[in-house]
A.B. asks: 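Pasting in a structure now, in C-alpha cells, and then I'll have a few things to ask.
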Number of protein chains: 2
Amino acid sequence: MSGKTDRPEHAEGGRWEVSALLAELRRRISEHEIPPGGKLKEQELAQEFGISRTRVREALAALETRGLVERIPNRGAIVRRFELGQVFEIYDVREVLEGLAVRRAVENADPGVWTAFLEECDAEFERRITSGQIELYETYFNRLRKTIIEAAANPVLKAMLDSVQDQTQIIMRRVLVLPGRVEHGLTNLRRLLEAMAAGRAEEAEQLRRLGIRSAIEDLKRYQRFVL
Amino acid sequence: MSGKTDRPEHAEGGRWEVSALLAELRRRISEHEIPPGGKLKEQELAQEFGISRTRVREALAALETRGLVERIPNRGAIVRRFELGQVFEIYDVREVLEGLAVRRAVENADPGVWTAFLEECDAEFERRITSGQIELYETYFNRLRKTIIEAAANPVLKAMLDSVQDQTQIIMRRVLVLPGRVEHGLTNLRRLLEAMAAGRAEEAEQLRRLGIRSAIEDLKRYQRFVL
DNA sequence: GTTTACAGGAATGTTGACAATCCTGCCGAC
DNA sequence: GTCGGCAGGATTGTCAACATTCCTGTAAAC
C-alpha cells in the first residue's frame, strides 16, 4: 500500500517518520540484516534517517517492548539473541494462537478462499519447490498465513501473532531447509486446507497446531545444525 | 537540599524511576483511578514524579505499545476506552492463553499445590463469598492465577497474559458482581482444581477455557448493566 | 440567537546541548 | 610478559528551551 520513502531527508511527515524508522528496523532485524547481538547506535540511525536522537530513542524503546532488542543501561541497544529454549517458549504460545486464528478464519470467511489456495498447491507446485525453489513455499505460506489472520478479524490476535512472527522469522527460515521439512509441511498444508475448505473448523485448528509442532520437532532434532 | 524536588535518598536510580512511573500508571489505570478517556498530561506527571517531560513521554510510549493508552498526535495521551467488541476479541485470545498456562502448569508443578488450593475452597469459604465478600473471591482467584502462570514457566506467555489482564481487569471486576456469577465461578473452579490435582492436564485446560467462556457469556447477557 | 473569525493560552512535538557512563588504547609497576 | 590504573574518545541519559498544534473564550456579523 504505502510506498517506501526513497529519501528520508525531506522531513515534512512529522510523527510519521518514527513509525517508518520502526518498520525499517523491524525489517532489518527480521531479515537478519543486523545480526543478533548487533549494536543499534542512536546517532548513526539519527543521521541516516535525518531525525533527532530523541525520536530514534522512541523507536528503540518500542522495539524493546516488542522484544526485538535488548537495552542495557548506558550501553545501548543490541538485537536480542534468542536461546533455543526461548524459541520453544515462543512456539508454545504461537501454536495456540495460530490455531485460534485458523478456527476463526474458517468460521468467518468464505470457503472458496481456501479452495483457491488448495488448487494452487498442485503437483507441479510441489515439484518446483522440492527441486530447490524453497522461497516459493515461503512466499505461498506467508500469503496463506496473512489471509488467515486477516479472516480471523481479531486485531489483538493479529498483534500478538505479528510479534511472535518478528521474533522467530529467521530461525524458522533455517528450519525450512532441513531434509524433508518442506515435503512434510506441504502434506500438512494440504490436509489443513482441505479441512478449511470443508468448513471443519475444529479439525483445521488441530491440523494447524500439528503442523507447528511438527516443525518444532524438526528444529529439536536438527538443533545442532540450525544454531 | 532546599530545592523543590528533594527526593528520598534512594532516588538516584536513574532509569529505575521511569519504570516506577510506568508501574504506577499501570496501577492507576487498572484500578480505574484514572477513568477511560481520562487525560494523562505530561507536565503534570513530570512535576508529580520530579522528572522531566522527556522521561514521562517514554513511559507514555511504553503504555501505548502495551495498549493501555491511546496517543493522538498533538492531542496527548488518554486512557484507552474499550468497546465491548474489543473485550470479546481480547477474551478470545485470553481463553487459549490461559488454557495453555493451565496445561503447562499441571505438567510442571507438584499436584499438592492444587490440592492446597482446593482445600482452601471449602463450604465456609463459599458461604463467606456468597454472603457478600466478593473481594475474597477476587483475591483467591488472583493468587491461584498467579501460581498457575508461575508454574507454566513461560516468560513469553506470562508477558502476554499480563498484557490482557491489564486491559480487562476493570470490566471483569464488574462481571463478578453479576447475579450468580461467583457461584458459577466457584463451581467451575472446584472442577478445575480437581482435574489439576489429579494431573489431568487436557481436562484442566478445557475446564479453564470453559470458565472463561462462561464469564464472557454472563458479560454478554448483562452487557447493558456492565457498560 | 447562531455562526464564524481570531487572538490568547495551554499542551504537545522536536531539537540541540550538557552530564554521566562506558569502552579503548597506552603506560608504568611488578 | 602480565596486570592494573588512567586519560581520551565515544556513546548513552537527561534536561530545559523553542516550535508547532490545538483548545477556548470573546466578539463581531448575519
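Throughout, protein chains are lettered first and strands after them, A, B, ... in sequence-line order, and every chain is numbered starting at 1. Note: hydrogens, waters and symmetry copies are ignored here, and every other heavy atom, side chains too, is used. Bear in mind the structure is a predicted one, so any value in this text is a computation, not a measurement.
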A.B. asks: Starting at CG of L60(A) and ending at C1' of dT11(D), how long is that distance when rounded to a whole Å?
C.D. replies: 13 Å
A.B. asks: What is the separation between atom CD1 on I78(A) and atom P on dC23(C), rounded to the nearest whole Å?
C.D. replies: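 About 12 Å, once rounded to whole Å.
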A.B. asks: Using a distance-only criterion (donor-acceptor N/O pair, under 3.5 Å, no hydrogens), is the base of dG13(C) paired with the side chain of R71(B)?
C.D. replies: no
A.B. asks: Kindly confirm or rule out a cation-pi arrangement of K220(A) over F88(A), judged by NZ or CZ under 6.0 Å from the six-membered ring centre and within 45° of its axis?
C.D. replies: yes
A.B. asks: So does E64(A) pair up with R80(A), basic N to acidic O under 4.0 Å?
C.D. replies: no
A.B. asks: Nearest whole Å is fine: how far is dT12(C) P from E64(B) CD?
C.D. replies: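 Atom CD in E64(B) sits about 14 Å away from atom P in dT12(C).
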A.B. asks: When the nearest nucleotide of DNA chain C is assigned to Q43(B) and to K39(A) on a heavy-atom basis, which residue is associated with the more 5' position?
C.D. replies: Q43(B)
A.B. asks: Between N74(A) and S52(A), which has a closest nucleotide on DNA chain C that is more 5'?
C.D. replies: S52(A)
A.B. asks: Are E150(A) and K146(A) ion-paired here, with the side-chain N under 4.0 Å from a carboxylate O?
C.D. replies: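 Salt bridge absent between E150(A) and K146(A).
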A.B. asks: Using whole Å, report how far CD of E70(B) lies from P of dT12(C).
C.D. replies: 15 Å
A.B. asks: Main chain of A159(A), side chain of S163(A): is a donor-acceptor contact present, judged purely on distance under 3.5 Å?
C.D. replies: no
A.B. asks: Would you indicate, yes or no, if dG13(C) has its OP1 or OP2 atom less than 4.0 angstrom from a side-chain nitrogen or oxygen of R55(A)?
C.D. replies: no
A.B. asks: Rounded to whole Å, please give me the gap between CD in E44(A) and P in dT11(D).
C.D. replies: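 Value for this atom pair: 8 Å.
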A.B. asks: Which one, dA11(C), dG13(D), dA16(D), comes nearest to the side chain of K41(B)?
C.D. replies: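 When the side chain of K41(B) is considered, dA11(C) is the closest of dA11(C), dG13(D), dA16(D).
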A.B. asks: Using atom CD1 of I72(A) as one end and atom C1' of dC23(C) as the other, report the distance to the nearest whole Å.
C.D. replies: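 The answer, rounded to whole Å, is 13 Å.
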A.B. asks: Within the modelled atom types, does a donor on one side and an acceptor on the other bring the side chain of R75(B) and the base of dG13(C) under 3.5 Å apart?
C.D. replies: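 Under the 3.5 Å cut-off, the side chain and the base do not form any donor-acceptor pair.
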A.B. asks: Please report the distance, rounded to the nearest Å, between CD in E58(A) and P in dG13(C).
C.D. replies: 8 Å
A.B. asks: Can you name the closest pair of heavy atoms from F82(B) and G67(B) and give their distance?
C.D. replies: CZ-O, 3.9 Å
A.B. asks: Does OP1 or OP2 of dT12(D) have a side-chain N or O of R57(A) closer than 4.0 Å?
C.D. replies: no
A.B. asks: Measure from CD on E42(B) to P on dG13(C) and round the result to the nearest Å.
C.D. replies: 6 Å
